[in-house]
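A quick write-up on the structure given underneath.
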Amino acid sequence: DDDRLRGPESMVDVTLGDTRVWSSFDSGNLTDIELSKEGDTLHVAGRTRHDCEGQPCQTDNRSWYHFRVANYQSYRSIHFTIRNLNKQTRLYRQGHSPTVGRTDNKGETSWGRFTNNVDAILCGDADSDFSDEDVADRTATVSLTLTCQYHVTKADTNLKHLSVSFSQPWSYDGMQQALAQITSSHPLPPDLFPACTPDASVSVDIARLVPDDTLYCHRETLAHSLEGRLVDMLTISSCHGLEQSREGRIPNLFPDKSVSRAHSFGTKPVVIVSARVHPGESPGSIVLNGLLKLLLHKTDPRAVELRKRYVFKIVPMLNPDGVFRGHYRADTRGVNLNRHYNTPQLDKHPTIHALKSLAAYHHYKGRLFAYIDLHAHATKRGCFIYGNNLEARRQVENVLFTKLVALNTPHFEFEACNLSEKNMFSKGKKDTLSKDGSSRVGLFYATDITHCYTLECNYNTGKVVNTLSPMDGNDVDNTQTLGNLPYTVAHWEDVGQAVGIAFLDLKEVNPWSRLPTSEWGCLSALRSWIVSYNRNTPKMRGASQACRGRVNAARRLYANPKQLPPLLLAAQSTAMRMQGRADANPTKPVASRSSRHASKAPSCHNLSKPRLRQRAAAPAPPAPAQTQAPSRAASGSRAAQSYAHVLAPRSTQPPASMRASKQAPLARSVEQGSRSLPQRPQLSSPGMPRRGGGEKKASRRHPLSLRGVQLGPT
């Protein structure tokens with residue numbers, strides 16, 4: 001346990017008689033602890049540590065505190081004084097108070113808040129609060145001193161210890177225990193497939209072995225952090241569309257070779273959800289826990305439909321080192337990881353490198369539908385979403401999702417959402433890092449998906465409470481409006497469940513939808529309302545030409561050979577290799593949980609891409625008699641060839657074959673005296689999809705025709 005200590009033992013583990021106060025544990029943070037007693041009152045004083053304190057990379061983040069008190073029952077009250085906090089006076093003016101946990105002898109902890117005698121005293125210059133996301137960037141000479149008092153009662157007699165923290169903690173060890181409990185409670189059926197190897201043929205009816213609605217939950221290690229801690233990933237879906245083949249093992253990812261990769265799910269869209277890139281934002285983990293409770297519910301018809309329609313990739317902790325060390329915002333190198341998504345480096349940002357590789361892999365397969373990153377906010381009240389600024393038609397779908405979340409929980413504030421251009425490119429006042437390096441913007445650059453969000457939840461409370469419409473089809477609506485009180489676990493978990501339900505309403509497949517009983521009545525009417533709302537709301541308005549130009553310029557920058565992360569090429573190569581294996585054995589029967597998923601046309605999301613639209617419309621080519629599977633070297637060469645055409649210099653003239661193919665039908669039409677316009681030719685290059693704007697428009701988009709990162713055919 002020596003590595004768990006965050007400094008000299010005398011500063012983080014102090015005793016006074018039988019009473020002990022310490023912070024040398026997972027997610028603990030308090031140093032310079034001093035104990036004294038005055039009559040029947042115990043005085044506990046200490047200060048919060050900076051992220052990476054005592055190192056050259058020390059930051060000014062010092063909002064998080066978490067410590068424990070044991071053997072205090074002989075006192076009538078405990079007076080706490082916590083010094084050196086970040087200047088977050090607005091948060092405490094709004095009523096925020098520390099969280100207290102009472103742990104009994106069985107190890108079970110009940111959490112609540114200090115209800116009275118909480119004071120925040122400003123020390124230093126009384127400059128104004130910042131209003132952006134970078135609330136932890138403060139002048140080192142300005143700090144808060146927090147005082148609060150705990151009254152000891154008879155209920156404390158059988159308690160093991162008290163825990164005091166900035167917000168309800170969700171530690172690294174706690175997350176590992178929760179994941180172990182999930183996988184043990186929802187194991188994969190042993191007879192999921194009768195064959196032992198992915199290449200073996202299956203001659204039995206698999207649907208009779210395991211029902212389609214069977215819950216599929218698979219845990220694996222996505223990567224390791226800088227200090228070697230696990231970055232876990234859960235794959236949650238149902239057995240609808242389940243294939244015998246498994247997903248590819250991307251280079252430098254999934255290091256545990258003893259654990260098989262998750263199965264493939266045909267054409268099911270993929271939703272990626274992540275949390276805790278900022279270690280002190282523990283409400284994000286509680287929101288994620290609410291979503292997991294919904295996804296893993298075996299009888300709720302909404303959960304059954306969600307698993308049937310989507311594949312959820314859950315990454316619960318992106319910064320396990322920062323969480324373990326009790327940091328507020330940075331990793332062990334003092335880096336804000338949520339500003340390095342455009343150019344993550346394997347040796348410096350391994351967890352971000354892994355997440356972007358995962359997103360790129362599913363994007364190349366044409367399956368990535370949405371990404372949501374879960375955070376907490378210290379200044380802006382309520383639960384709300386930050387999104388990207390898209391062109392007008394896509395912006396309607398972008399804003400529509402946020403409204404659907406608000407329709408399914410009383411505690412999400414639609415009016416507080418911001419999907420503006422300014423919120424994509426603004427910079428922090430201290431570190432000057434732009435938000436275009438955040439997860440929602442960086443992955444939007446890389447994949448161009450519409451639904452790419454940051455979900456923020458205030459540590460304390462909100463401003464409004466939504467009035468929910470009744471559920472259609474559910475006679476017993478157990479939804480509880482908890483009121484505009486300080487947020488509890490129930491508030492945050494309810495927001496997480498609403499996020500999952502919004503994905504059902506987005507496809508109009510929610511069995512207990514609130515839309516039919518709302519003022520709009522149906523999704524199309526709500527979409528029309530969003531069109532008008534966006535037109536009259538500047539922060540929701542569609543992207544201007546200048547904004548689209550900035551996005552395209554950023555994509556050109558990060559598609560440069562010197563800037564393009566190698567992970568994108570590796571992810572594409574893996575996706576192509578897996579596709580090559582399937583194409584190389586067309587006559588071999590492929591085991592699938594549901595043939596309708598494998599045979600139906602691509603989803604609406606995939607049809608938005610011109611290349612996939614043509615693929616859906618064109619008849620399937622006849623299967624060859626026999627084709628040998630490409631080798632690992634051949635697949636790499638194939639990836640390099642498709643990579644080269646994207647990075648080639650832009651030609652000022654279209655290819656000769658294109659000019660000839662366009663001139664030939666024009667000459668024939670003139671000779672025949674036809675008055676009709678000739679049809680545009682089909683572009684022959686696999687990286688240049690046909691577009692309605694003609695050959696000139698396709699040529700202009702050629703270097704980034706697949707949104708800057710899709711480097712070749714899948």
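These numbers come from a predicted model, not from an experiment.
Side chain of Asp26 to backbone of Tyr172: a donor-acceptor contact under 3.5 angstrom is found. Remark: the backbone N or O of Asn338 is paired with a side-chain donor or acceptor of Asn336 at under 3.5 angstrom. In terms of modelled atom types and a separation under 3.5 Å, the side chain of Ser357 and the main chain of His353 share a donor-acceptor contact. Looking at Asn86, its side chain does come within 3.5 Å of a backbone N or O of Ser63 through a donor-acceptor pair. Side-chain N or O atoms of Arg93 include none that pairs as donor or acceptor with a backbone N or O of Ala120 at under 3.5 Å. Between the side chain of Trp64 and the main chain of Ser27, a donor-acceptor pair closer than 3.5 Å is present. Counting only distance, with no hydrogens or angles, the side chain of Tyr310 and the backbone of Phe503 share a donor-acceptor pair below 3.5 Å. One N or O on the side chain of His50 and one on the backbone of Thr59 form a donor-acceptor pair closer than 3.5 Å. Between the side chain of Asn466 and the main chain of Leu468, no donor-acceptor pair closer than 3.5 Å is present.
The two residues Thr454 and Ser439 have their closest heavy-atom pair at OG1-OG, 4.4 Å. The shortest heavy-atom contact between Val323 and Pro279 is N-CB, 3.3 Å. In terms of heavy atoms, Ala45 sits closest to Arg83 at CB-NH1, 3.9 Å. Of all non-hydrogen atoms in Thr402 and Cys417, the two that sit nearest each other are CB-SG, 4.1 Å. Of all the heavy atoms in Ser237 and Arg307, the pair that sits closest is OG-O, 3.0 Å. Taking every heavy atom of both residues into account, Ser274 and Leu355 meet most closely at OG-CD2, 4.1 Å.
No more than 12 heavy-atom neighbours from other residues, nucleotides or ligands sit within 6.0 angstrom of NZ on Lys348.
Inspection of the Gln58 and Asp51 side chains reveals no N or O donor paired with an N or O acceptor under 3.5 Å. Defined by atom type and a distance below 3.5 Å, a donor-acceptor pair is present between the side-chain atoms of Lys435 and Asn423. For Glu108 and Thr103, the side-chain atoms include no donor-acceptor pair closer than 3.5 Å. Checked by atom type, the side-chain pair Asp156/Thr153 shows a donor-acceptor distance below 3.5 Å.
Taking the charged nitrogens against the carboxylate oxygens, Arg62 and Glu53 have no contact shorter than 4.0 Å, which rules out a salt bridge. Salt bridge annotation for Glu227-Arg325: present, with a cationic side-chain nitrogen under 4.0 angstrom from a carboxylate oxygen. A salt bridge links Arg219 with Asp232: at least one charged nitrogen is closer than 4.0 Å to a carboxylate oxygen. For the pair Asp104 and Lys106, the salt-bridge criterion is not met [side-chain N within less than 4.0 Å of a carboxylate O]. With salt bridges taken as basic N to acidic carboxylate O contacts below 4.0 Å, one links Asp13 and Arg20. Salt-bridge formation is not detected for the pair Arg276/Glu281: no Lys NZ or Arg NE/NH1/NH2 atom is positioned less than 4.0 Å from an Asp or Glu carboxylate oxygen.
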Evaluate Glu456 against Lys380 for salt bridge (charged side-chain N to carboxylate O under 4.0 Å, His left out), listing each step before the verdict. CA-CA 9 Å; Glu456 300 274 2; Lys380 190 173 180 179; over 6 Å; no

Could you go through the side-chain hydrogen bond (donor to acceptor under 3.5 Å, both in side chains) check for Asn458 and His96 one step at a time? CA-CA 10 Å; Asn458 188 267; His96 178 67; over 6 Å; no

Given Val12 and Leu30, is the side chain to side chain contact (heavy atoms under 4.5 Å, CB included) satisfied, shown in steps? CA-CA 6 Å; Val12 298; Leu30 194 72; over 6 Å; no

Test ring pair (Phe, Tyr, Trp, His ring centres under 6.0 Å) applied to Phe166 and His66, step by step: CA-CA 7 Å; Phe166 175 68; His66 184 197; over 10 Å; no

CA sep, side-chain torsions, deciding dist, call: Asn61, His327, side chain to side chain contact (heavy atoms under 4.5 Å, CB included): CA-CA 8 Å; Asn61 303 316; His327 290 182; over 6 Å; no

Check the pair Asp494 / Thr409 against side-chain hydrogen bond (donor to acceptor under 3.5 Å, both in side chains), numbers first and verdict last. CA-CA 7 Å; Asp494 189 67; Thr409 176; 2.5 Å; yes

Verdict with reasoning, Asn388 to Tyr453, per side chain to side chain contact (heavy atoms under 4.5 Å, CB included): CA-CA 7 Å; Asn388 298 310; Tyr453 305 108; over 6 Å; no

Give the intermediate values and the outcome of side chain to side chain contact (heavy atoms under 4.5 Å, CB included) for residues Thr379 and Gln94. CA-CA 9 Å; Thr379 54; Gln94 293 168 355; over 6 Å; no

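With a 4.5 Å cut-off on side-chain heavy atoms, Asp505 and Leu407 do not count as touching. Using a 4.5 Å heavy-atom threshold, the side chains of Arg381 and Asn460 count as separate. With a 4.5 Å cut-off on side-chain heavy atoms, Thr183 and Leu179 do not count as touching. Residues Thr145 and Leu85 have side chains not in contact (no heavy-atom distance under 4.5 Å, counting atoms from C-beta outward). Side chains of Leu294 and Asp300 form a contact here, defined as non-hydrogen atoms less than 4.5 Å apart. Between Ser282 and Pro169 there is no side-chain heavy-atom pair separated by less than 4.5 Å. Residues Val399 and Phe414 form a side-chain contact, since some pair of their non-hydrogen atoms from C-beta on lies under 4.5 Å apart. A 4.5 Å side-chain heavy-atom check between Arg440 and Ile372 finds every atom pair outside the cut-off.
Note that CG of Leu288 is 10.5 Å distant from CG of Asp373, once rounded to the nearest 0.5 Å. Distance check: Ser163 OG to Arg68 CZ gives 5.0 Å after rounding to the nearest 0.5 Å. Residue Leu292 holds its CG atom at 10.5 Å from CD of Gln497, rounded to the nearest 0.5 Å. For the atom pair Phe114 CZ and Gln149 CD, the distance stands at 9.5 Å (nearest 0.5 Å). Residue Lys403 holds its NZ atom at 15.5 Å from CG of Asn398, rounded to the nearest 0.5 Å. Note that OG1 of Thr351 and CG of Leu226 are 7.5 Å apart. Values are rounded to the nearest 0.5 Å.
Listed by first and then second residue, the salt bridge (charged side-chain N to carboxylate O under 4.0 Å, His left out) pairs that reach into residues 313-322 are Arg229-Asp321, Glu247-Lys313, sequence neighbours excluded.
Between His451 and Tyr371, the distance from one ring center to the other does not fall under 6.0 angstrom. Separation of the Phe67 and Phe80 ring centroids falls under the 6.0 Å cut-off. The distance between the ring centers of Phe384 and Tyr386 falls below 6.0 angstrom. Checked against the 6.0 Å centroid criterion, the rings of Tyr216 and His186 do not qualify as a close aromatic pair.
Taking the six-membered ring where tryptophan is involved, the planes of Phe25 and Trp22 are perpendicular, since the angle between them exceeds 60° and thus also 30°.
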